[in-house]
Amino acid sequence: MEILALAAVALLLLQPFLAGRLTNPALQAGATIFVSIVIQALPFLVLGVVLSAAIAAFVPDSFWQKALPKRPGLAVPVAGCAGAVLPGCECASVPVSGSLMSRGVAPAAALAFLLSAPAINPIVVISTFVAFPGEPMMAVARFGASLVTAVIVGWIWLKWGRGEWLRVPSRRHIEGQARWQTFAAAATHDLLHAGGFLVVGGIAAAILNVAVPQQWLQTLAEHPALAILGLALLAVLLSICSEADAFVAASLTQFSLTARLAFLVVGPMVDLKLISLQAGTFGKSFMYRFAPTTFVVAVLMATLFGWWLL
Amino acid sequence: MLLLLGILLLRLTLGGSYVYYVKASMKPFLLLTAAVLLALAVWSLWQSWRRTEEHDDGHGHDGVPRVAWLMVLPVMVVFLVSPRPLGAFTAARQLATAPVVAEPAELLPLPAGDPVDVPIADYITRAVWGQGQTLEGREVRLTGFVTPDPEGGWWVTRLGLACCAADALSFRARVLDAEDLPANSWVEVTGRWVPGDSGDPAIPLIEADDVERVPEPRNPYE
């Protein structure tokens, strides 16, 4: 920490000297993309954090026992569908689902919500519809494939997942404290953690955004199977907000519709900034297992729905 | 930490340079976010001040987690590199992928007056989907930056954002009959639509009557 502070002071002193030299176009573009990812994601992250703090402070535990079916196997699809009402992107859903878990919601159900919320909410469905004007089935296929993926991954976690892999965010419920006090403490705590991890993900995504040669995409597009896998990977690397990714997918015209569907299904569920946020919220051993599983299921479902509907 | 980030957000938003990074319509959300950040920052400062007064109760405060210090980075980057809006570098990288503009339901005629200002994305729509019918016989003015073609000539270019700069798409029109200009210079191209394409059916042509260099617009994206 002290080293970082020293480095900061040194950099500030060197600023007039450095600013003139940092003009490499790739570096400039990378810096712009990095800052823009952070600035774009912050409002949604704050929304998620505030919402999850509100859940922690103002919603009694008994509410969740009533709202969700007792059997976790049933709670998973219900929670998956509930994702349709959180109008945010993926950054918002991580703190919210963490807070759901710490309030006694079954982890599998909270995870289904985590995956489905950024992919099937009304804003995302409408923007997909707008981005693919000639292909109304695209929005339908995205909705279906994302919801089914979320539920399947939830069930996988229910059957094979082990409690010790997952670090449920500790429950901050200090008795005798004012509710607003709890609220502000929870929000500050979550924001400090999630904000740092957002920065890590943003850097990684910005570097790859500038460094992936476009020729690779051209080569990939020519093989149907590789194209699906390739765009799914690209979605992970680019870390575009789920409310905007449909427009990017629409522009990747050399790829098949199914490959672009894979891009849209994978992107909101697994990407660099999300992996970083999840590792920060639920722990590394969770992330190592969860992200690859989700990726595989999402690609399979996208292929299936693409073959069926598109 | 949150204070720093909140101030950065506030400065970018009020100073107007937030449009380099995100869509202009994000402004109210950014301000709201900055307000929440600042409120939380003031609250935690006040808390820690009160705790020092009370000589600490020994629990309930864990300080700032290490990873939170990473939030200094965006602030540093803005200050040090002062990133410019994306330009020709990004546009040139997209040359392989022809960006499509969605097919419109119907094309309305251009507003009256010659020359008429047309956004480049709109120009592409009219030229590619409307076969140039709404452009025929009209004098149009396109505003954008120069992306040089390695094989000679250049495109007048504008980047479009759906959400933030990470999803920028490039809209281009090939400029005919114009002398070469350095990359990233902002220009107003006044000219006429001509049929045909320069190898890519999604990139229309414009026959330039006049190319004027202009200062960068306040919002560099379309």
Side-chain angles (χ1 to χ4, degrees), chain A residues 1 4 8 11-12 15 18-19 22 25-29 31-40 42-43 46 50 127 130-131 133-134 174 184 187-189 191-193 195-197 199-200 202-203 205-206 209 214-215 217-218 238-241 243-245 247-248 250-254 280, chain B residues 1-2 5 9 12 18 20-22 26 29-30 32-33 36-37 40-41 43-44 47 60 62 64-74 76-90 93-100 102-105 161-167 169 202:
Chain A
M1 201 193 284
L4 204 70
L11 281 173
L12 290 188
Q15 198 261 340
L18 279 172
L22 300 174
L27 183 81
Q28 282 274 339
T32 305
I33 290 171
F34 164 58
V35 175
S36 86
I37 288 179
V38 172
I39 291 184
Q40 165 67 31
L42 261 180
V46 169
V50 166
S127 78
V130 172
I174 307 137
T188 313
H189 175 272
L191 206 55
L192 284 174
H193 279 90
F197 284 101
V199 168
V200 177
I203 294 174
N209 200 312
Q214 297 282 329
Q215 283 82 349
L217 296 183
Q218 207 66 47
L238 291 185
S239 308
I240 300 167
C241 182
E243 284 164 9
D245 58 0
F247 297 96
V248 177
S251 78
L252 297 166
T253 43
Q254 69 271 51
Chain B
M1 195 60 42
L2 298 177
L5 210 58
L9 221 50
L12 287 180
Y18 72 102
Y20 293 177
Y21 309 112
V22 294
M26 286 291 290
F29 303 105
L30 289 175
L32 202 65
T33 307
V36 173
L37 287 176
L40 284 176
W43 177 82
S44 34
Q47 284 286 308
D62 36 21
V64 177
R66 231 169 232 208
V67 65
W69 288 96
L70 285 171
M71 281 194 273
V72 186
L73 269 177
M76 300 286 295
V77 167
V78 168
F79 189 67
L80 281 177
V81 189
S82 44
R84 305 291 307 144
L86 298 176
F89 173 78
T90 307
R93 279 174 50 80
Q94 290 191 357
L95 292 188
T97 54
V100 282
E103 182 169 8
L161 302 190
C163 212
C164 75
D167 57 49
L169 297 175

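Every heavy atom of this structure was used, including side-chain atoms; hydrogens, water molecules and symmetry mates were not. Chain identifiers are assigned alphabetically (A, B, ...) following the order of the sequence lines, protein sequences preceding nucleic acid strands; residue numbering begins at 1 within each chain. Predicted model only: the values in this text are computed from it and were never measured.
For the options A/Ala31, A/Ala184, A/Ala29, heavy-atom pairs under 4.5 Å to chain B are most numerous at A/Ala184.
Partners of B/Tyr20 according to the side chain to side chain contact (heavy atoms under 4.5 Å, CB included) rule, which considers only residues two or more places apart in sequence or in another chain, are B/Ser17, B/Arg84, B/Pro85, B/Glu216, B/Pro220.
Heavy atoms of B/Leu32 lying under 4.5 Å from chain A are absent altogether.
Separation of atoms CD1 (A/Ile203) and CG (B/Leu73) is listed at 5.0 Å; rounding is to 0.5 Å. In this structure, A/Ile39 CD1 and B/Tyr18 OH are separated by 11.5 Å, a value rounded to the nearest 0.5 Å. B/Leu86 contributes atom CG, which lies 5.0 Å from atom OG1 of A/Thr32 (distance to the nearest 0.5 angstrom).
Contact between B/Val22 and A/Ser36 at its shortest, heavy atoms only, is CG1-O, 4.1 Å.
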